[in-house]
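Here is the naming used below: chain letters follow the sequence lines, and residue numbers restart at 1 for every chain. For the numbers below, each heavy atom of this structure counts, side chains included, while hydrogens, waters and symmetry mates do not.
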Amino acid sequence: MEYRIKELEAKWQNWWDQERTYAVPSDTQKPKFYVLDMFPYPSGAGLHVGHPLGYIASDIFARFKRMEGYNVLHPMGFDAFGLPAEQYAIQTGVHPAESTKENMTRYREQLRNLGFNYDWSREVNTSDPEYYRWTQWIFLKLFSHWYDQVAQKARPIHELVDQFETLGSVGTTACCGEEMVFSAAEWKGMSDVQKEDVLMNFRLAYRRVSFVNWCEELGTVLANDEVKDGFSERGGFPVERRPMLQWSLRITAYAERLLNDLDTLNWSDALKAMQRNWIGRSEGAKVTFPIQNTEQELEVFTTRPDTIFGVTFMVVAPEHDLISLLTTPEQKQAVNDYLHYVQSRSERDRLSDVKQMTGVFTGSYAKHPFTGKQIPIWTAEYVLKDYGSGAIMAVPSDDDRDRAFAEMANLPIIDIVDRSGWPDAKREDKVGRMMNSDFLNGLEVNAAIKKAIQALVDRGIGERKINYKLRDALFSRQRYWGEPFPIVYNDKGIPVPVSENELPVTLPPLDNFKPTSDGHSPLARSRDWVELDNGFVRETDTMPGYAGSSWYFLRYMDAQNQDAFASRSALDYWQDVDLYIGGTEHAVGHLMYARFWHKFLFDLGLLPTNEPFKKLINQGMIQGVIESIYLLKEKVNGQYLFRCAGLVEGDDLSQYIPIPVLIDYVREYGTDSSYLDVDSIRQFVDWRPEYKNAKFECAEGSIENGVFTPKTNGTGSKLFTHSEVGKMSKSKYNVINPDDVVGIYGADCFRMYEMFLGPIEQSKPWDTKGIDGVSKFLKRFWSLFANQDQWLVDETGQPDRDSLRILHQTIQRIRDDINRFSINTCISHFMICVNELKRLDCHHLAILEPLTLLIAPFAPHMAEEIWHRLGHESSVHHGLFPIVNEAFLVADEVVYPVSINGKRRAEITVPTETDAKTLEEQALQLPEIVKWMEGLSVRKLIIVPGRMINIVAG
RNA sequence: GCCGAAGUGGCGGAACUGGUAGACGCGCUGGACUCAAAAUCCAGUGUAAGCAAUUACGUGCGGGUUCGAGUCCCGCCUUCGGCACCA
């Protein structure tokens with residue numbers, strides 16, 4: 001009657017498949033519960049031990065909810081489009097569909113191996129044409145809708161065209177890119193191309209000029225991830241920002257709702273704060289400044305219109321549309337040089353470098369709307385084109401960055417806010433009294449803001465405005481492995497949607513996945529596909545990674561549907577996700593886009609809910625230790641030289657490149673003293689033949705061609721590695737495969753161990769130290785039921801009160817802790833329970849049967865085996881989760897700690913019902929207390945019923 | 001740089017609402033069983049002083065509030081995640 005892990009885990013995994021134990025019916029009277037995992041990108045490295053952290057937690061919760069009587073939807077699928085598969089295709093020629101398919105098969109096996117209760121019949125794969133036809137379909141809906149700011153919802157574009165026909169743009173409530181003014185007659189007079197240009201300004205999916213990271217030497221557009229300090233990560237070639245006409249989504253139209261509806265969600269405050277800050281709502285004013293010697297105006301957004309008399313210069317973004325107009329002939333050279341410099345700078349660099357301000361004068365001046373003074377217009381990288389209007393009025397007295405810029409450029413500073421009444425106030429705080437500000441003088445800041453806006457409105461040069469930091473989402477990629485756009489262009493270049501019955505627009509077969517030399521997607525190579533018989537041409541950009549993941553949770557509800565993205569009845573039954581578990585790295589990307597798409601589909605009347613994810617839990621990451629060895633950049637006598645981490649200490653590290661080492665070769669992996677020995681250096685060299693002739697220098701000698709030559713008196717041949725904690729990733733060679741761990745300890749043990757590591761929200765490096773403890777626990781659990789020779793369960797005897805108390809205490813703790821997602825403490829409670837039952841030598845069925853149900857969500861294989869041995873034929877996972885009987889929990893006695901001035905000095909055990917007065921008397925009579933109270937008198941006595949007694953003495 | 005999170009024994013962590021800091025597990029030490037080992041079982045284990053009873057100190061650092069602070073407030077330090085084309 002041994003606990004044979006491997007046999008029984010395989011047995012029950014097969015049985016669950018056969019019996020379709022985890023299939024989820026949609027036609028049921030049961031209440032629904034939807035538990036969702038963030039689906040993985042099926043990478044070539046396979047699933048690593050970090051992935052399952054969230055999956056195990058959601059698996060446990062889903063099983064728990066099913067045993068509580070809910071119809072639980074718990075699906076899994078793949079976010080299968082992505083850059084790595086395309087990179088792999090470029091390197092090897094293997095089609096991304098093929099490698100992705102293989103990877104998915106591997107992931108599925110790995111997930112199955114962990115005993116998850118997914119309903120695989122609902123699997124989604126974002127790269128499957130049957131899936132992405134609906135991604136394309138939703139895109140077309142976005143293309144053919146605009147956002148009505150008054151009705152607060154998306155409306156069909158033809159309704160906007162109707163408005164233009166009768167009223168022109170007058171009084172339109174549509175959300176748009178830049179403001180346009182035209183009459184009905186002007187609209188009617190426009191050409192088709194002009195009309196489409198106008199509509200692009202309103203569509204929720206639209207085209208505009210955006211910037212890409214262009215690398216001339218590689219002849220390709222790079223992802224931000226592939227760019228380091230302005231150079232390509234591969235090859236180290238310069239990267240510049242280049243403008244391109246690309247698709248975007250008008251997520252900004254939904255900014256207000258995305259912000260307000262956060263209040264309705266059961267998410268952590270931290271996550272909500274991140275989303276709020278990302279949306280970045282700010283109230284202020286739009287102000288226009290006339291540009292001298294032109295008819296043009298410069299529009300700025302400011303949160304501090306009160307400071308308008310402190311404006312001493314203006315700054316436009318280097319990409320600003322008016323930059324060439326503003327640049328005078330004398331300044332042309334300087335401005336061009338500067339623009340060239342900015343092209344090489346990433347947005348992050350531009351915003352981060354606050355210490356070193358850069359910028360140049362354009363040569364032009366604006367006219368101050370109140371004082372009429374000349375204000376120089378500069379251009380500088382700290383102003384971004386896509387934030388606000390891409391230009392600012394600079395007030396160096398009350399803004400840190402403007403101040404730094406003014407100091408750098410020697411521009412004047414006018415103090416306009418007297419903050420002497422607020423000595424602690426910082427430069428940007430909205431407090432103080434206005435001065436040097438004409439009609440605003442003497443006002444408090446907040447009053448001044450109101451008055452300034454009124455003055456702007458009265459003069460017709462500005463108005464109140466709400467601005468968002470949130471920017472429209474760039475939706476084009478110049479890649480092959482993504483959803484093609486269902487868009488063709490006619491002979492005038494006007495985009496025309498592909499009709500719905502022609503969806504999906506599938507990817508053409510291709511064997512060269514390199515982008516074209518002019519930066520277009522590899523799709524442009526497929527002439528047959530691009531050029532249609534009627535002379536129209538297809539869009540060759542594809543959609544980004546987040547397209548498919550923005551709505552996949554809806555597809556699970558009705559994954560096989562051929563007629564719609566999901567049926568109305570399925571959507572009405574499943575509604576929304578009750579529990580979503582995933583990493584914080586998605587806090588502002590995926591979670592924002594998915595909410596946006598969900599709201600859009602809700603506006604179209606296609607969904608019953610306004611938000612997709614009711615409750616969300618962020619799992620931490622299981623990190624890996626990255627091990628690397630130091631390579632000297634300069635070869636020595638034509639030979640590569642690696643140096644021991646111990647020797648490198650104190651050196652200028654910039655002369656070394658850390659070369660990551662496959663962790664399998666590292667001795668004492670993950671510790672401070674991890675190292676390579678002669679054998680592992682041999683392995684390393686086999687793996688990296690380019691270093692075959694390298695020299696490896698340790699403290700007491702060196703290794704060359706697999707031979708250790710000691711220095712005089714030297715013996716140690718350890719080459720210490722550099723260890724750092726970081727992401728587990730294929731490129732860092734530190735991936736640990738859960739299959740290996742499952743192979744040794746079994747899936748139940750692996751699951752419980754990952755949970756036992758700590759709270760799911762917390763990140764920690766992977767470490768198998770301690771897994772033995774969980775393994776021992778499972779064996780002990782089993783030993784309550786059977787020993788080597790016989791089945792021990794006592795079916796007839798009556799359990800004693802102690803055993804019942806332990807059981808019910810455990811039921812209560814497990815229920816409480818599952819409900820607050822404290823899974824790690826659940827495992828501890830099980831351990832305590834088993835320890836105590838062992839001590840009592842308890843083998844009663846009446847105790848052990850509920851205990852089996854209790855542990856089923858955590859150790860599903862072992863529980864199923866025991867359940868069947870107890871004589872049941874149906875699955876333990878369709879059983880009912882045990883319920884607490886409070887009668888067994890009542891304790892007769894309670895132990896109080898007795899403290900004097902907060903320091904614990906004694907303990908007193910009393911019957912549970914003892915009243916405060918008796919307690920007080922007894923506590924003061926305790927010998928320890930009497931001793932400590934010598935020379936002191938009781939000033940106050942604090943008794944917290946059931947918890948503690950504190951004597952305040954002096 | 002900005003936004004968010006975390007810091008507790010040798011290690012992973014527990015302490016839910018401010019109330020016995022260190023549950024549970026690993027590791028370590030000693031013991032039982034064994035020819036021996038593994039496995040299992042028992043006992044001990046925050047640090048310092050002490051034969052001991054015991055005492056002092058102790059939750060990243062510096063201050064504060066409170067009868068009482070790991071928990072609340074203010075100011076720092078370190079590490080991790082995100083910052084709009086990794087997914």
Side-chain angles (χ1 to χ4, degrees), chain A residues 38-41 43 79 81-84 210 212-213 221-227 251 268-278 280 347-355 386 401 469-474 476-479 544-546 549 583-590 592-593 618 620-621 623 725-727 729 731 753 756-759 761-765 767-774 776-777 779-780 783 816-817 820 822 824-825 827-832 835 838 895-904 906-907 939-942 944 946-954:
Chain A
M38 286 187 187
F39 63 165
Y41 172 77
S43 88
D79 189 9
F81 276 132
L83 212 47
S210 315
V212 296
N213 299 313
V221 171
L222 296 176
N224 285 342
D225 215 36
E226 301 173 295
V227 183
I251 189 173
S268 71
D269 290 337
L271 188 58
K272 286 186 189 180
M274 278 193 259
Q275 290 226 334
R276 281 193 193 105
N277 293 334
W278 187 259
E347 250 180 44
R348 179 101 46 97
D349 294 339
R350 288 172 57 175
L351 291 170
S352 299
D353 268 350
V354 285
K355 286 181 194 125
D386 293 326
R401 282 188 302 180
K469 201 156 73 198
L470 181 73
R471 310 199 306 240
D472 281 347
L474 181 58
S476 272
R477 300 291 183 265
Q478 294 70 40
R479 309 279 184 194
Y546 64 84
S549 60
T584 13
E585 63 270 25
H586 301 285
V588 285
H590 161 62
M592 195 70 84
Y593 299 130
N618 280 130
M621 282 209 295
Q623 295 144 324
V725 170
K727 271 189 183 177
S729 111
S731 63
Y753 178 61
F756 190 57
L757 277 174
E761 302 90 346
Q762 236 160 70
S763 292
K764 53 228 135 198
D767 192 345
T768 47
K769 233 188 278 165
I771 194 167
D772 280 332
V774 176
K776 271 188 227 167
F777 156 75
K779 285 178 194 150
R780 277 165 73 81
S783 75
D816 285 355
D817 285 0
R820 60 186 185 103
S822 173
N824 54 325
T825 50
I827 315 292
S828 301
H829 298 321
F830 278 122
M831 288 173 170
I832 294 166
N835 288 347
K838 286 287 277 188
V895 182
Y896 280 90
V898 185
S899 305
I900 298 173
N901 292 333
K903 275 198 194 298
R904 194 184 74 111
E907 226 174 55
R939 287 205 180 149
K940 200 171 161 189
L941 225 134
I942 293 157
V944 182
R947 299 230 73 140
M948 48 72 64
I949 301 165
N950 189 25
I951 303 163
V952 185

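- Around the CZ atom of A/Arg947, the shell of radius 6.0 Å holds no more than 12 heavy atoms that belong to other residues, nucleotides or ligands.
- In plain terms, the two heavy atoms of A/Leu474 and A/Ser210 that are nearest each other are CD1-OG, 3.5 Å.
- Here the separation of B/C61 from B/G70, taken at their C1' atoms, is 15 Å to the nearest Å.
- If you check every strand for non-hydrogen atoms under 4.0 Å, A/Ile951 touches nothing.
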Q | Per-nucleotide pairing state of RNA chain B [Watson-Crick or G-U, under 3.5 Å; [ ] pseudoknot-crossing; | other strand] | A | (((((((..(((......[....)))((((((.......))))))((((....))))..(((((..]....))))))))))))....
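- Residue A/Ser43 is out of contact with every strand shown, counting any heavy-atom pair closer than 4.0 Å.
- Counting to the nearest Å, the P atom of B/A87 and the CE atom of A/Met621 are 16 Å from each other.
- Distance check on atom P: B/A48 versus B/G58 gives 15 Å, rounded to whole Å.
- The same atom, P, is picked in B/C57 and in B/G68; the two are 15 Å apart, to the nearest Å.
- Between the side chain of A/Asp79 and the backbone N or O of A/Phe39, no donor-acceptor pair lies under 3.5 Å.
- At whole-Å resolution of the value, NE2 in A/His586 and P in B/A5 are 19 Å apart.
- Within the 4.0 Å cut-off from OP1 or OP2 of B/C16, not a single side-chain nitrogen or oxygen of A/Arg820 is found.
- Contact detail for A/Ile900 and A/Ala953: the closest heavy-atom pair is CG2-CB, 4.1 Å.
- Across all strands, A/Arg780 comes closer than 4.0 Å only to sugar-phosphate atoms, never to a base (heavy-atom distances).
- Among the heavy atoms of the strands lying under 4.0 Å from A/Glu585 is at least one base atom, whether or not backbone atoms are also near.
- Taking 4.0 angstrom as the limit, A/Gln623 places none of its side-chain polar atoms (N or O) nearer than this to OP1 or OP2 of B/C80.
- Note: CD (A/Gln275) to P (B/C2) measures 22 Å, nearest angstrom.
- Taking the C1' atom of each, B/A84 and B/C24 are spaced 43 Å apart, rounded to whole Å.
- Residue-level contact check: A/Gly82 touches the backbone only, with heavy atoms under 4.0 Å from sugar-phosphate atoms and none from bases.
- Atom OH of A/Tyr546 is separated from atom C1' of B/C86 by 14 Å (rounded to the nearest Å).
- Distance, A/Trp278 CH2 to B/G82 C1': 8 Å, rounded to whole Å.
- Taking OG1 of A/Thr825 as the reference point, atom CE of A/Met831 lies at 12.0 Å (rounded to 0.5 Å).
- Taking the C1' atoms as reference points, B/G31 lies 50 Å from B/G63, given to the whole Å.
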Please write out each protein N/O paired with an N/O of nucleotides 53-55 of chain B under 3.5 Å, distance rounded to 0.1 Å.
none

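- Closest approach of A/Ile251 to A/Met592, counting heavy atoms only: CD1-CG, 3.9 Å.
- A glycosidic torsion no more than 90° from 0 defines the syn conformation; B/G64 lies beyond that range and is anti.
- Heavy atoms of A/Lys469 sit under 4.0 angstrom from at least one base atom.
- Separation of the P atoms belonging to B/A56 and B/A21 is 13 Å when rounded to the nearest angstrom.
- The side chain of A/Arg471 lies closest to B/A84 when the candidates are B/C85, B/G4, B/A84.
- Ranked by how close their nearest RNA chain B nucleotide is to the 5' end, A/Asp472 and A/Phe81 are led by A/Asp472.
- Nucleic acid contact class of A/Pro759 (heavy atoms, under 4.0 Å, all strands): sugar-phosphate only.
- Although no hydrogens or angles enter the test, the distance criterion places a donor-acceptor pair under 3.5 Å between the side chain of A/Asn213 and the main chain of A/Leu222.
- When heavy atoms are screened at a 4.0 angstrom cut-off, A/Arg479 is found touching base atoms of the nucleic acid.
- Side-chain atoms of A/Gln478 and base atoms of B/C85 include a donor and an acceptor less than 3.5 Å apart.
- Using a 30° and 60° split on the angle between ring planes, A/Phe777 and A/Phe830 fall in the tilted class, from 30° to 60°.
- Across all strands shown, A/Met38 has no heavy atoms under 4.0 Å from either base or sugar-phosphate atoms.
- Here the side chains of A/Met38 and A/Ser549 are not in contact, with every heavy-atom distance at 4.5 Å or above.
- Using a 4.5 Å heavy-atom cutoff, the side chains of A/Leu941 and A/Val952 are not in contact.
- Counting heavy atoms from C-beta on, the side chains of A/Val221 and A/Arg477 never come closer than 4.5 Å.
- Counting to the nearest Å, the C1' atom of B/G27 and the CG atom of A/Asp767 are 11 Å from each other.
- Taking the P atom of each, B/U34 and B/G7 are spaced 48 Å apart, rounded to whole Å.
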Q | Steps toward side chain to side chain contact (heavy atoms under 4.5 Å, CB included) verdict (A/Leu83, A/Glu226) | A | CA-CA 11 Å; A/Leu83 212 47; A/Glu226 301 173 295; 4.1 Å; yes
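- In terms of modelled atom types and a separation under 3.5 Å, the side chain of A/Ser822 and the main chain of A/Asp817 share no donor-acceptor contact.
- Rounded to a whole angstrom, the distance from the P atom of B/G25 to that of B/A14 is 15 Å.
- At whole-Å resolution of the value, CZ in A/Phe830 and C1' in B/G13 are 18 Å apart.
- Contacts of A/Ala587 with the nucleic acid, taken as non-hydrogen atoms under 4.0 Å apart, are absent.
- Among the protein residues, A/Lys779 comes within range of no part of the nucleic acid, since none of its heavy atoms lies under 4.0 Å from any strand.
- The residue A/Leu271 sits apart from the nucleic acid: no heavy atom pair falls under 4.0 Å.
- Looking at heavy atoms from C-beta onward, A/Pro544 lies out of side-chain contact with A/Phe81 at the 4.5 angstrom threshold.
- At the heavy-atom level, A/His590 lies nowhere under 4.0 Å from the strands shown.
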Atom pairs, N/O to N/O, protein against nucleotides 17-25 of chain B, distance under 3.5 Å?
unit_1, atom_1, unit_2, atom_2, d
B/G19, N2, A/Asn950, ND2, 3.3
B/U20, O2, A/Arg904, NH1, 3.3
B/A23, N1, A/Ser828, OG, 3.4
B/G25, OP1, A/Asn835, ND2, 3.0

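- When the nearest nucleotides of RNA chain B are assigned to A/Gln762 and A/Leu470 by heavy-atom distance, the more 5′-ward of the two goes with A/Gln762.
- In this structure, A/Asp767 and A/Tyr753 approach most closely via the heavy-atom pair O-OH, 2.6 Å.
- Protein atom CG of A/Asp386 is 10 Å distant from nucleotide atom P of B/C85, rounded to whole Å.
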